[in-house]
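Numbered from 1 within each chain, the chains take letters A, B, ... in sequence-line order.
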2 protein chains.
Amino acid sequence: MAKNKFTLFLGSKQLRKTPERYAILDKIFSINGHFDIESLHDMLESDSYHVSKATVYNTIGLLIECGLVRRHSLDNKQTKYEKIISNSPNHQHLICTECGKIKEVKDNEFSAYMNARKFTAFTTSYFQLYIYGICNNCLRKKKRVTKEKSIKISK
Amino acid sequence: MAKNKFTLFLGSKQLRKTPERYAILDKIFSINGHFDIESLHDMLESDSYHVSKATVYNTIGLLIECGLVRRHSLDNKQTKYEKIISNSPNHQHLICTECGKIKEVKDNEFSAYMNARKFTAFTTSYFQLYIYGICNNCLRKKKRVTKEKSIKISK
DNA sequence: TTTACTGCAAATATTTTGCAATATC
DNA sequence: GATATTGCAAAATATTTGCAGTAAA
């Protein structure tokens, strides 16, 4: 699994197998869904496992290179990460522009289509589809606010 | 066109129609392809049109809200912008992970597919597809370097 | 005349870097 | 023992904010 893959990767690049790197990998693979550097670092600290932010950034970089982590640069400038589970089906991301929450949807038809696509003068390594919109939760809240406003005005 | 749309937008929100805002809009619409805040600001300066960065950020925000500009948050943490031409067909982005260059491809099949897609408990407002890889130019350079290395080693 | 907007500088947030101490190989 | 990695603090980068002066309405 992930740990083996990382070990092989580090070995092949003559990089060192430090406890910090494995602790970060473990923590990431215990997280379901998306996370950012800050909260990952916080989680490690609250486990009383102290690592510097610099090391977290360094390790995340290695994990991305190694194919175990994916970075998402989202609009509204949040950067989020997620683990890559080897045989997890390709999924797309719905991002709520109100609350920032990310929902995943599988779309095999889309994935198949994209994987088959070739471009001239360009060699694809990966792709990301982001669908921005409003989740039902926020939509409900918004409607409520609008209603309240119109009540106030009509008074 | 763009200027009218912006004027209507500003009017409807009771925002002011300042020369700075129009100068920024004009400059953006003279740019083909993608740009970032820094280079946009530089272009204005080199036209001897001085505006503060704060105003550029402010105006870009309004233009996005108004639907005249689109923000792209790309991996390798560059934020790029592009104008939206009203009747331009939906296009996707190929991003070279080596040089950062962005190439556009039209894909009507994909756009039609996406526009027809509905999700449960989520109201889509827009989507972005990013395809990361290596452009032929960089691929050639990379191969050359690898070749040179192996020559050196074999010496 | 009112108050939104601008420029500037300072503040904030995020990521990178330099360096001495340390730990892996 | 050689050197890659760590932690820390400082630097670099990108964006936001506060405020006084200015200008659009």
Student: Looking at Asn115(B) and Ser111(B), would you say the former's side chain and the latter's main chain have a donor-acceptor pair under 3.5 Å?
Tutor: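 Looks like yes, one N/O pair under 3.5 Å.
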
Student: Near DNA chain C, which residues from residues 49-75 of chain A have a heavy atom under 4.0 Å away?
Tutor: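 Ala54(A), Tyr57(A) - these, ordered by number, are the residues of the stretch whose heavy atoms sit under 4.0 Å from the strand.
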
Student: Taking atom CG of Leu15(B) and atom CG of Leu62(B), what is their separation to the nearest 0.5 Å?
Tutor: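 Atom-to-atom, Leu15(B):CG and Leu62(B):CG are 6.0 Å apart.
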
Student: Please encode protein proximity along nucleotides 20-25 of chain D as a string of B, S and -, counting only heavy-atom distances under 4.0 Å.
Tutor: ---BBS

Student: Taking only side-chain nitrogens and oxygens of Thr79(B), does any of them come within less than 4.0 Å of OP1 or OP2 of dA14(D)?
Tutor: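 Thr79(B) to dA14(D) OP1/OP2: no side-chain N or O under 4.0 Å.
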
Student: Under 6.0 Å between the ring centres of Phe127(B) and Phe110(B)?
Tutor: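 Centroid separation for Phe127(B) and Phe110(B): below 6.0 Å.
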
Student: When you measure from the side-chain N and O atoms of Arg21(A) to the phosphate of dT24(C), is any distance below 4.0 Å, counting only OP1 and OP2?
Tutor: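 So the side-chain polar atoms of Arg21(A) never come under 4.0 Å of the phosphate oxygens OP1 or OP2 of dT24(C).
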
Student: Take atom NZ of Lys13(B) and atom C1' of dC5(C), then tell me their distance rounded to the nearest Å.
Tutor: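 Computing the Lys13(B):NZ to dC5(C):C1' distance gives 17 Å.
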
Student: From Gln128(B) CD over to Asp75(A) CG, what is the distance, rounded to the nearest 0.5 angstrom?
Tutor: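 Rounded to the nearest 0.5 Å, the CD-CG separation comes out at 5.5 Å.
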
Student: Checking side chain to side chain contact (heavy atoms under 4.5 Å, CB included) for the pair His34(B)/Tyr81(B): CA distance, chi angles, key distance, verdict?
Tutor: CA-CA 6 Å; His34(B) 300 73; Tyr81(B) 301 85; over 6 Å; no

Student: Tell me the interatomic distance from Asp36(B), atom CG, to dT13(D), atom C1', rounded to whole angstroms.
Tutor: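 Nearest whole value for this atom pair: 12 Å.
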
Student: Are any of the side-chain nitrogens in Glu82(B) or Arg71(B) under 4.0 Å away from the carboxylate oxygens of its partner?
Tutor: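 Result for this pair is no, no salt bridge flagged.
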
Student: Between His93(B) and Tyr130(B), how do the two ring planes meet: parallel, tilted or perpendicular, split at 30° and 60°?
Tutor: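 Correct class here is tilted.
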
Student: Provide, to the nearest angstrom, the distance between the NE2 atom belonging to His41(B) and the C1' atom belonging to dT13(D).
Tutor: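 Value for this atom pair: 16 Å.
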
Student: Tell me the interatomic distance from Lys80(A), atom NZ, to dA13(C), atom P, rounded to whole angstroms.
Tutor: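 Taking NZ of Lys80(A) and P of dA13(C), I get 16 Å after rounding.
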
Student: To the nearest angstrom, how far is Ile37(A) atom CD1 from dT13(D) atom C1'?
Tutor: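 Going from Ile37(A) (CD1) to dT13(D) (C1'), I get 16 Å.
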
Student: How many whole angstroms separate atom OH of Tyr22(A) from atom P of dA23(C)?
Tutor: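 Checked: the OH to P distance equals 18 Å.
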
Student: Rounded to whole Å, please give me the gap between CG in Leu40(A) and P in dT14(C).
Tutor: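 So the CG-P distance, Leu40(A) to dT14(C), works out to 14 Å.
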
Student: Judged by atom type as modelled, is there a donor-acceptor pair below 3.5 Å linking the side chain of Asp107(A) to the main-chain atoms of Glu109(A)?
Tutor: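 Yes, because the side chain of Asp107(A) sits within donor-acceptor range (under 3.5 Å) of the backbone of Glu109(A).
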
Student: Using whole Å, what does the distance between atom C1' of nucleotide dT6(D) and atom CG of Leu44(A) come to?
Tutor: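 Distance, rounded to whole Å: 15 Å.
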
Student: Pair Val51(B), Tyr49(B) - check side chain to side chain contact (heavy atoms under 4.5 Å, CB included), show working.
Tutor: CA-CA 7 Å; Val51(B) 250; Tyr49(B) 194 92; 4.1 Å; yes

